[in-house]
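Comments concern the structure below.
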Amino acid sequence: MIKLIGTTHLIPKEEIEKIIKEENPDIIGVELCQTRYNIFVNNIPQSNEKDDSILGQISKEQRKKAEKENLDYGSDQKTAMFYAINNKIPLLLVDKDIIKIKQEMTQIPIEEQTYLQNELLKFQKESLQKEVDEVEVIERMKKDIPISYKVLVEWRNTFIIDKIKEAKEKYPNKKILIFLGKGHIKVIEEGDRKSVV
């Protein structure tokens with residue numbers, strides 16, 4: 001059995017641990033890849049990495065803003081990951097590798113890169129805790145920046161669905177709890193049913 005938990009990436013450690021204890025899964029899945037796993041486990045300071053890509057700029061701004069607002073951006077995924085490691089629970093990394101995503105982002109046309117830069121400027125003026133309608137954001141991306149939408153949302157969703165399908169086949173009698181950003185949940189639940197049922 002697989003259960004998906006839709007999160008914001010700012011949920012406190014205590015709340016994530018409470019969910020895991022209540023669900024008591026055999027396996028924990030997180031919206032991370034091997035590259036990001038290595039960064040967190042080896043405690044590599046991401047802020048020292050030179051990354052001028054638009055995705056790198058967005059990530060850097062999110063970390064900077066979280067620090068300023070005394071928040072831990074990505075606390076949901078990191079907490080679930082370390083809970084699995086510390087409690088010797090098998091861990092599934094279900095997201096596409098960040099290096100591959102950055103490579104795919106080189107396909108984004110200049111007008112969409114400009115759009116993303118402008119969105120980043122708006123983001124700098126807002127609080128991370130501001131309520132966001134993920135569905136509305138994704139629909140706007142699909143309409144305004146279709147190539148970026150494919151790279152950042154659609155292709156990742158397809159990858160995650162395939163990972164979930166693999167997990168179902170590999171662990172048919174296990175309870176698997178997977179933490180994903182809320183924006184992915186609806187499409188992945190629908191796509192997973194189509195691919196597996």
Side-chain angles (χ1 to χ4, degrees), residues 1-11 13-42 44 46 55 59 73-108 134-135 137-139 141-142 146-197:
M1 183 195 93
I2 289 187
K3 182 167 185 179
L4 304 182
I5 303 290
T7 71
T8 71
H9 293 310
L10 297 167
I11 294 178
K13 177 181 177 181
E14 298 74 21
E15 199 172 321
I16 295 295
E17 289 185 344
K18 182 171 180 279
I19 292 168
I20 295 171
K21 286 171 185 171
E22 285 173 356
E23 294 293 338
N24 192 28
D26 300 303
I27 297 161
I28 293 173
V30 290
E31 188 189 325
L32 292 172
C33 62
Q34 191 65 50
T35 297
R36 283 172 285 175
Y37 171 91
N38 293 341
I39 286 169
F40 293 136
V41 168
N42 297 315
I44 298 169
Q46 297 175 73
L55 190 57
S59 298
Y73 190 81
S75 56
D76 55 341
Q77 306 301 321
K78 287 183 282 186
T79 297
M81 180 190 74
F82 281 115
Y83 188 97
I85 293 168
N86 294 334
N87 291 279
K88 296 183 169 52
I89 298 171
L91 179 69
L92 289 176
L93 303 172
V94 302
D95 202 3
K96 182 181 279 193
D97 198 285
I98 192 71
I99 294 170
K100 177 69 174 168
I101 295 171
K102 285 177 183 175
Q103 287 170 348
E104 290 173 346
M105 284 193 77
T106 60
Q107 301 174 38
I108 293 174
E134 287 88 358
V135 174
V137 170
I138 286 171
E139 285 303 313
M141 281 182 74
K142 197 187 289 190
I147 308 300
S148 302
Y149 166 79
K150 278 183 181 295
V151 172
L152 294 172
V153 181
E154 189 177 298
W155 292 349
R156 281 178 67 207
N157 283 345
T158 301
F159 185 92
I160 294 169
I161 288 166
D162 287 344
K163 282 286 183 184
I164 290 171
K165 186 179 177 185
E166 283 173 24
K168 280 185 174 177
E169 291 170 355
K170 188 174 180 181
Y171 307 106
N173 302 313
K174 300 288 186 184
K175 182 175 183 180
I176 306 173
L177 188 68
I178 301 177
F179 291 90
L180 297 171
K182 282 182 180 177
H184 296 286
I185 290 289
K186 186 181 176 189
V187 171
I188 285 172
E189 282 181 337
E190 290 172 357
D192 181 46
R193 279 197 295 272
K194 284 175 193 167
S195 68
V196 179
V197 176

Test side-chain contact (heavy atoms from CB on, under 4.5 Å) applied to Ile16 and Phe179, step by step: CA-CA 9 Å; Ile16 295 295; Phe179 291 90; 4.0 Å; yes
To the nearest 0.5 Å, tell me how far Glu15 CD sits from Ile19 CD1. 5.5 Å
All heavy atoms of Gly183 vs all of Ile138, minimum pair found to be O-CD1, 3.1 Å
Is there a donor-acceptor pair under 3.5 Å between the side chain of Asn87 and the backbone N or O of Ile89? no
To the nearest 0.5 Å, what is the distance between NE2 on His184 and CD1 on Ile161? 11.0 Å
Spacing of Thr79 atom OG1 and Glu14 atom CD [to the nearest 0.5 Å]: 8.0 Å
Smallest heavy-atom separation, Val94 atom then Phe159 atom, equals O-CD2, 3.4 Å
Can you check whether Glu31's main-chain N or O pairs, donor with acceptor, with Gln77's side chain at less than 3.5 Å? yes
Quick check: do Lys168 and Lys165 have side-chain heavy atoms less than 4.5 Å from each other? no
Just verifying a value: how many Å separate Ile101 CD1 and Thr106 OG1, rounded to the nearest 0.5 Å? 12.5 Å
Nearest heavy-atom neighbours spanning Val30 and Leu93: CG2-CD2, 3.8 Å
Is any side-chain heavy atom of Leu92 less than 4.5 Å from a side-chain heavy atom of Lys163? no
So does Ile188 get a backbone contact from the side chain of Asn157, meaning a donor-acceptor N/O pair under 3.5 Å? no
Side chain Lys174, main chain Ala167, donor-acceptor under 3.5 Å: no
Which value, rounded to the nearest 0.5 Å, describes the distance between Leu177 atom CG and Tyr83 atom OH? 10.5 Å
Approximate separation, where rounding is to 0.5 Å, of Lys96 NZ and Arg156 CZ: 9.0 Å
So do Asp26 and Tyr171 actually touch side chain to side chain, heavy atoms under 4.5 Å? no
Side-chain ion pair, Lys18 and Glu22, N-O less than 4.0 Å: yes
Do Ile20 and Pro25 have side-chain heavy atoms sitting under 4.5 Å apart? yes
Please give me the minimum heavy-atom distance between Cys33 and Ile98, naming the atom from each residue. SG-N, 3.3 Å
Shortest non-hydrogen contact from Asp97 to Gln34? OD2-N, 4.1 Å
Show the nearest heavy-atom pair for residues Phe82 and Phe40, with the distance to one decimal. CZ-O, 3.6 Å
More than 12 heavy atoms from other groups under 6.0 Å of NZ on Lys175: yes
With Glu154, which residues qualify under side-chain contact (heavy atoms from CB on, under 4.5 Å), at least two apart? Tyr149, Lys150
